[in-house]
Structure formats: C-alpha cells, structure tokens
Amino acid sequence: MPQAGAQGKKSGKRMTRRGRDRRAKTTNGKLGPATGRNAGTFVTRFMAKGGIVDVDEVAETFHMTKTQLANTTGLGVATLTKADRKTSPKAQRRVTEMLEIINRVHAWAGGEAQAMAWYRSQPIPALNGRTPEALVKSGKANAVRDYLDHLALGGFA
C-alpha cells in the first residue's frame with residue numbers, strides 16, 4: 001500500500017492521500033481534477049436502466065427537440081428518433097460527452113441553460129476559435145476537456 005507522500009508514477013509530483021481522493025475519473029479512465037460537488041450526479045440523472053443515457057430526458061431538460069439535440073451533438077436525426085439507434089455506442093458517447101462538458105461549466109456559467117448556451121456558441125481561441133459544440137461534433141471532445149482542465153488548474157484561456 002502506497003504511503004501518503006509517495007511519488008506519483010507519471011508526474012513525479014508528490015501527492016498526499018487527500019489530493020488523490022479529490023481527483024475524479026474522466027471518461028477515458030484517467031484521473032483528473034474533480035469537477036465540483038455532485039459531479040457524477042449530473043450525467044447519471046439522465047441515465048436509464050443499464051447505464052443508457054435517456055435522450056428524451058436530455059432533450060426535455062434543455063428544452064430542445066430531438067432534431068435540435070441531434071444537430072447539437074452532430075448525429076443524424078434518425079439516430080435520436082429511432083428507438084434502436086438511440087442506444088448505439090456513437091449516439092451514447094456523443095450525448096454523454098456533451099453532458100460531461102456542460103456539467104463542468106454549469107457552475108461558473110450560471111446554470112444549465114447558460115452552460116448549454118456557452119457550449120453551443122462560445123468560440124475557444126486556444127482551439128482555433130471553434131465552439132465546444134463544433135469540437136464534439138467532430139469527435140474532439142477530449143480537446144475541450146483538456147482545455148477545461150487547463151482552466152481549472154489556473155491556466156489562461
């Protein structure tokens with residue numbers, strides 16, 4: 001069992017047991033900064049049986065039609081309107097990525113609606129002026145997460 005002041009394997013930084021406890025797992029399985037209180041409950045509140053994101057609940061929460069949600073996530077309309085396609089790995093991944101990003105910014109954005117507005121319209125200069133929505137649509141949600149990690153650790157926008 002590692003001791004409280006043991007060296008971290010990858011970073012070489014000393015980390016206390018308490019520091020380790022404050023980190024949360026990200027979707028890629030790596031440890032990262034915790035995203036605030038109730039970080040896990042935001043995404044899980046949209047989960048139905050079997051860990052499947054309820055696309056209908058997401059659309060209703062953000063006052064969108066399924067067509068608008070499909071456009072926001074970069075999926076085809078049929079993907080989110082047909083029951084057998086809503087549960088596809090690609091559809092689930094895209095909607096989950098969107099929810100995770102919104103979860104990370106909703107505290108400082110002023111709420112879920114404002115976080116969605118930021119997600120859809122705020123260009124990020126460090127990412128070639130692309131919006132988080134555009135990046136998630138093109139499969140680059142990790143770039144947005146890395147950017148948010150950078151900000152959370154005190155980096156410049």
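In this text, all values refer to a predicted model and were calculated from it rather than measured experimentally.
A salt bridge does not link Arg104 with Glu112: none of the charged nitrogens is closer than 4.0 Å to a carboxylate oxygen.
Put simply, the side chain of Met47 does not reach to within 4.5 Å of the side chain of Ile52, judged on heavy atoms. For the pair Tyr119/Val136, a side-chain contact is recorded, criterion being any heavy-atom separation below 4.5 Å from C-beta on. The side-chain heavy atoms of Lys66 and Asp56, taken from C-beta on, include a pair separated by under 4.5 Å. Side chains of Thr131 and Ser121 form no contact here, defined as non-hydrogen atoms less than 4.5 Å apart. When side chains are defined from C-beta on, Asp54 does not count as touching Lys86, because their heavy atoms never get closer than 4.5 Å. Between Phe62 and Leu99 there is a side-chain heavy-atom pair separated by less than 4.5 Å. Looking at His63 and Gln68, their side chains never come closer than 4.5 Å, going by heavy atoms from C-beta outward. Residues Glu57 and Thr61 form a side-chain contact, since some pair of their non-hydrogen atoms from C-beta on lies under 4.5 Å apart.
Residue Arg130 is tested with Ser138, Pro125, Pro123 for a side-chain contact (heavy atoms from CB on, under 4.5 Å); the sole match is Ser138.
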Side chain to side chain contact (heavy atoms under 4.5 Å, CB included) between Leu69 and Met98, worked out
CA-CA 10 Å; Leu69 182 59; Met98 179 193 78; 3.8 Å; yes

Output, in order, the C-alpha distance, side-chain angles, deciding distance and verdict of side chain to side chain contact (heavy atoms under 4.5 Å, CB included) for Val55 and Thr81.
CA-CA 9 Å; Val55 174; Thr81 55; over 6 Å; no

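Legend: residues meeting side chain to side chain contact (heavy atoms under 4.5 Å, CB included) with Gln122, ordered by chain and number and at least two apart, are Trp118. With sequence neighbours left out, the salt bridge (Lys or Arg N to Asp or Glu O under 4.0 Å) criterion links Arg120 to Glu133. Applying the side-chain hydrogen bond (donor to acceptor under 3.5 Å, both in side chains) rule to Lys137 yields no partners; only residues at least two apart in sequence or on another chain are considered.
Between Ile124 and Pro132, the shortest heavy-atom distance links the atoms CD1-CG, 3.8 Å. Across Ala115 and Val105, no two heavy atoms sit closer than the pair CB-CG2, 3.7 Å. Between Thr72 and Met64, the shortest heavy-atom distance links the atoms OG1-CE, 3.4 Å.
Using bins of under 30°, 30° to 60° and over 60° for the plane-to-plane angle, the ring pair Phe42/His106 lands in the parallel bin.
Under the 4.5 Å side-chain heavy-atom criterion for Ile, Leu, Val, Met, Phe, Trp and Tyr, Tyr147 and Trp108 are members of the same hydrophobic cluster.
The CG atom of Leu75 sits 9.0 Å away from atom CZ of Arg93, with the distance rounded to the nearest 0.5 Å. Atoms CG and CZ, from Leu135 and Arg145 in turn, are 11.5 Å apart once rounded to the nearest 0.5 Å.
A donor-acceptor pair under 3.5 Å links the side-chain atoms of Ser88 to the main chain of Ala91, judged by distance alone. Under the 3.5 Å distance criterion, the side-chain polar atoms of Glu100 are left unmatched by any main-chain donor or acceptor of Val43.
Donor-acceptor pairing under 3.5 Å is lacking for the side chains of Arg94 and Thr79.
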